[in-house]
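Numbers here are sequence positions counted from 1. These figures come from a predicted structure and were not determined experimentally.
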Amino acid sequence: MAQARVRFPPAGPTPATAFFSGSNPRPAHLPFSSKRAPASLYAAAAANAPPAPIVVVGSANADIYVEVDRLPLVGETVAARAGRSLAGGKGANQAACGGRLALGPTYLVARVGDDANGRLLEGALADAGGVRTDRVARAPDAPSGHAVVMLMPDGQNSIIIVGGANMQGWATGIGAEDLELIQKAGVLLLQREIPDWVNTQAARAAKSAGVPVIMDAGGMDAPVPQDLLSLVDIFSPNETELARLTGMPTETFEQISQAAGECHKMGVKQVLVKLGSQGSALFVEGEKPIGQPIIPATEVIDTTGAGDTFTSAFAVALVEGKPKEECMRFAAAAASLCVRVKGAIPSMPDRKSVMKLLESVQVE
């Protein structure tokens with residue numbers, strides 16, 4: 001099968017390659033072609049009743065950005081070119097993206113500290129547009145979570161996370177009202193920057209009501225408990241996370257397929273793998289893989305949040321009843337726009353921008 005070539009209109013600079021945050025840019029060429037999904041199909045959804053809510057249970061972090069030419073060696077001090085604080089965290093990122101893309105409401109169930117960073121996060125989420133923040137609670141005895149993001153000139157980054165309220169603010173678990181909200185959702189989005197037992201509680205509530213569960217593998221560097229994994233409908237790692245969680249290499253497409261097969265053995269029927277410059281692949285047990293090449297960005301400024309954008313955008317299209325191929329294409333367009341702007345939440349694209357990009361891209 002011939003590889004699809006993705007082209008932008010002639011005007012403008014030469015496209016740059018977009019990488020998902022935390023992704024290894026070296027996987028082997030993937031044998032996929034891609035058919036264009038008519039953007040009119042997405043626009044048609046606007047004429048129908050709004051879909052069920054998207055509910056995100058997860059983290060909210062104050063991201064401390066430092067722009068460096070390179071990472072310091074052990075014992076070395078390097079000077080940053082610039083630095084600032086922005087709102088982030090995988091849960092907040094995915095909620096902000098959903099809020100901007102979804103036709104229906106998007107809720108974030110999260111914990112922040114009663115501090116300046118907590119107020120920064122609440123304000124940024126409110127400003128993001130479309131995110132219902134009334135389920136974001138303050139944890140009085142824990143500081144807000146934060147992260148140090150070391151951003152290199154090519155847009156790649158390294159991140160250190162301090163859990164704070166994300167890990168310590170769930171003493172009583174998820175409240176009854178939030179569990180009821182989850183059971184009425186169109187999809188539940190989870191990540192691994194909050195305790196596994198909280199994710200398990202949320203996933204059980206969703207499963208009991210027939211709500212699909214998508215879990216992003218990013219966050220905690222530890223095996224996923226089997227009782228949690230068994231509740232997940234779509235597991236979404238990048239190739240580095242897939243290698244770590246399965247103990248298998250992921251340098252070639254064949255190896256990636258085998259590692260996805262290992263996830264199937266663990267009880268996950270669908271594995272959505274983010275593959276950096278090679279796009280993405282969805283492995284559904286018993287079916288042929290579905291591949292999606294990247295939609296190149298005109299310029300890569302910052303890859304922070306690109307993986308969260310992809311996962312959230314996929315969920316948005318899924319709630320709207322789109323076929324999986326269209327979900328992946330919609331997600332690829334959203335991720336392509338995300339890497340063109342600095343910061344996580346500030347870089348999340350709106351629906352109009354994604355639709356415009358889908359209309360402009362020509363696939364042969």
- Is M328 linked to V361 within one hydrophobic cluster, defined over Ile, Leu, Val, Met, Phe, Trp and Tyr using a side-chain heavy-atom separation of less than 4.5 Å? yes
Name the atoms and distances for all side-chain donor-acceptor pairs under 3.5 Å in residues 113-122, with sequence neighbours left out.
residue: D114; atom: OD1; partner: R138; partner atom: NH1; Å: 3.0
residue: D115; atom: OD1; partner: N117; partner atom: N; Å: 3.4
residue: D115; atom: OD1; partner: G118; partner atom: N; Å: 2.7
residue: D115; atom: OD1; partner: S144; partner atom: OG; Å: 2.7
residue: D115; atom: OD2; partner: S144; partner atom: N; Å: 2.9
residue: E122; atom: OE1; partner: R138; partner atom: NH2; Å: 2.8
residue: E122; atom: OE2; partner: R138; partner atom: NE; Å: 3.0

- One should read off an interatomic distance between I214 CD1 and F235 CZ, to the nearest 0.5 angstrom, of 12.5 Å
- Please report the closest heavy-atom contact between V131 and A96, naming both atoms and the distance. CG2-CA, 3.6 Å
- Backbone of I256 reached by a side-chain donor or acceptor of T250 within 3.5 Å: no
- Task: Might you point out which heavy atoms bring Q183 and S208 nearest each other, and give the distance in Å?
- Result: NE2-OG, 3.1 Å
- Task: For L275 and A281, work out which heavy atoms get closest and say how close.
- Result: CD1-CB, 4.1 Å
- Query: Do the side chain of S312 and the main chain of D308 share a donor and acceptor less than 3.5 angstrom apart?
  - Reply: no
- Is a side-chain donor-acceptor pair under 3.5 Å present for E262 with T246? no
- Could you tell me whether the side chain of Q168 and the main chain of A142 form a donor-acceptor pair under 3.5 Å? no
- Query: Below 4.5 Å, heavy atoms only, C-beta onward: do R100 and V354 meet side chain to side chain?
  - Reply: no
- Message: Using a 6.0 Å cut-off, check whether atom CD of E254 has over 12 heavy atoms from anything other than its own residue.
- Response: no
- Would a distance-only check, ignoring hydrogens and angles, find a side-chain to backbone donor-acceptor pair under 3.5 Å from N199 to Q191? yes
- Minimal non-hydrogen separation, L108 against G58, with atom names: CD1-N, 4.4 Å
- Query: In Å, rounded to the nearest 0.5 Å, how long is the span from CZ of R244 to CG of D221?
  - Reply: 4.0 Å
- Minimum side-chain heavy-atom gap C97-T106 below 4.5 Å: no
- Tell me, do V148 and V162 make a side-chain contact under 4.5 Å, heavy atoms counted? no
- Query: Between I54 and Q94, is a side-chain contact (heavy atoms from CB on, under 4.5 Å) present by the stated rule, with each step listed?
  - Reply: CA-CA 10 Å; I54 293 172; Q94 291 179 9; over 6 Å; no
- Item | I159 with V78, same ILVMFWY side-chain cluster at under 4.5 Å | no
- Would you mind checking if E325 and R329 are paired as a salt bridge, meaning a charged N to carboxylate O distance below 4.0 Å? no
- Query: Would you say the side chain of V339 lies within less than 4.5 Å of the side chain of S347, judging by non-hydrogen atoms?
  - Reply: no
- Query: Under a 4.5 Å cut-off applied to non-hydrogen side-chain atoms, are T309 and P349 in contact?
  - Reply: yes
- Item | Connected hydrophobic set around M220, excluding itself, where side chains approach under 4.5 Å | M167
- Do any N or O atoms from the side chain of D63 and from the backbone of Y65 form a donor-acceptor pair under 3.5 angstrom? no
- Message: Given 3.5 Å as the limit, does a donor-acceptor pair link the side chain of Q255 with the main chain of T252, or not?
- Response: yes
- Without swapping roles, check the side chain of S236 against the backbone of L272 for a donor-acceptor pair under 3.5 Å. yes
- Message: Is the shortest side-chain heavy-atom distance between C263 and L242 below 4.5 Å?
- Response: yes
- How far apart are the C-alpha atoms of V55 and V109, what are their side-chain angles, what is the distance that settles it, and do they pass the side-chain contact (heavy atoms from CB on, under 4.5 Å) test? CA-CA 7 Å; V55 177; V109 179; 4.2 Å; yes
- Hey, is NZ on K207 packed in by over 12 heavy atoms from elsewhere, all under 6.0 Å? yes
- Look only at the side chain of H264 and the backbone of F283, and say whether a donor-acceptor pair between them is shorter than 3.5 Å. yes
- Is the number of heavy atoms from other residues, nucleotides or ligands within 6.0 Å of CD (E177) greater than 12? no
- Item | Heavy-atom pair of closest approach, residues A333 and L357 | O-CD2, 3.5 Å
- Give a yes-or-no answer on whether the side chains of R132 and Y107 include a donor-acceptor pair shorter than 3.5 Å. yes
- Query: Which heavy-atom pair separates D227 from R204 by the least distance, and what is that distance?
  - Reply: OD2-NH2, 3.9 Å
- Nearest-0.5 Å distance, OG of residue S59 to CG of residue L190: 11.0 Å
- Message: Would a single hydrophobic cluster contain both I64 and L71, if residues Ile, Leu, Val, Met, Phe, Trp and Tyr are joined by side-chain heavy-atom contacts under 4.5 Å?
- Response: no
- List the steps, then state whether side-chain contact (heavy atoms from CB on, under 4.5 Å) holds for I174 with V198. CA-CA 7 Å; I174 301 174; V198 177; 3.9 Å; yes
- G163 backbone acceptor or donor facing E193 side chain under 3.5 Å: no
- Task: Any chance you could measure I290, atom CD1, to C327, atom SG, to the nearest 0.5 Å?
- Result: 9.0 Å
- Hey, does the side chain of S257 reach the backbone of F253 with a donor-acceptor pair shorter than 3.5 angstrom? yes
- Does any non-hydrogen side-chain atom of I182 lie less than 4.5 Å from one of V211? no
- Apart from I301 itself, residues in the same hydrophobic cluster as defined by side-chain heavy atoms under 4.5 Å: none
- Message: Assess whether a salt bridge exists between R70 and E76, defined as any Lys/Arg side-chain N lying under 4.0 Å from an Asp/Glu carboxylate O.
- Response: yes
- Going through the checks in order, is the side-chain contact (heavy atoms from CB on, under 4.5 Å) test met by M215 and L231? CA-CA 10 Å; M215 183 171 184; L231 298 168; over 6 Å; no
- Message: Would you compute the distance between atom CD of Q270 and atom NZ of K324 and round it to the nearest 0.5 angstrom?
- Response: 3.5 Å
- Message: Would a single hydrophobic cluster contain both L73 and M152, if residues Ile, Leu, Val, Met, Phe, Trp and Tyr are joined by side-chain heavy-atom contacts under 4.5 Å?
- Response: no
- Query: Side-chain heavy atoms under 4.5 angstrom apart, residues restricted to Ile, Leu, Val, Met, Phe, Trp, Tyr: same cluster for M348 and L337?
  - Reply: no
- Does the side chain of M266 reach to within under 4.5 Å of the side chain of V224, using non-hydrogen atoms? no
- Query: What is the distance from atom CZ of F310 to atom CD1 of I294, rounded to the nearest 0.5 Å?
  - Reply: 11.5 Å
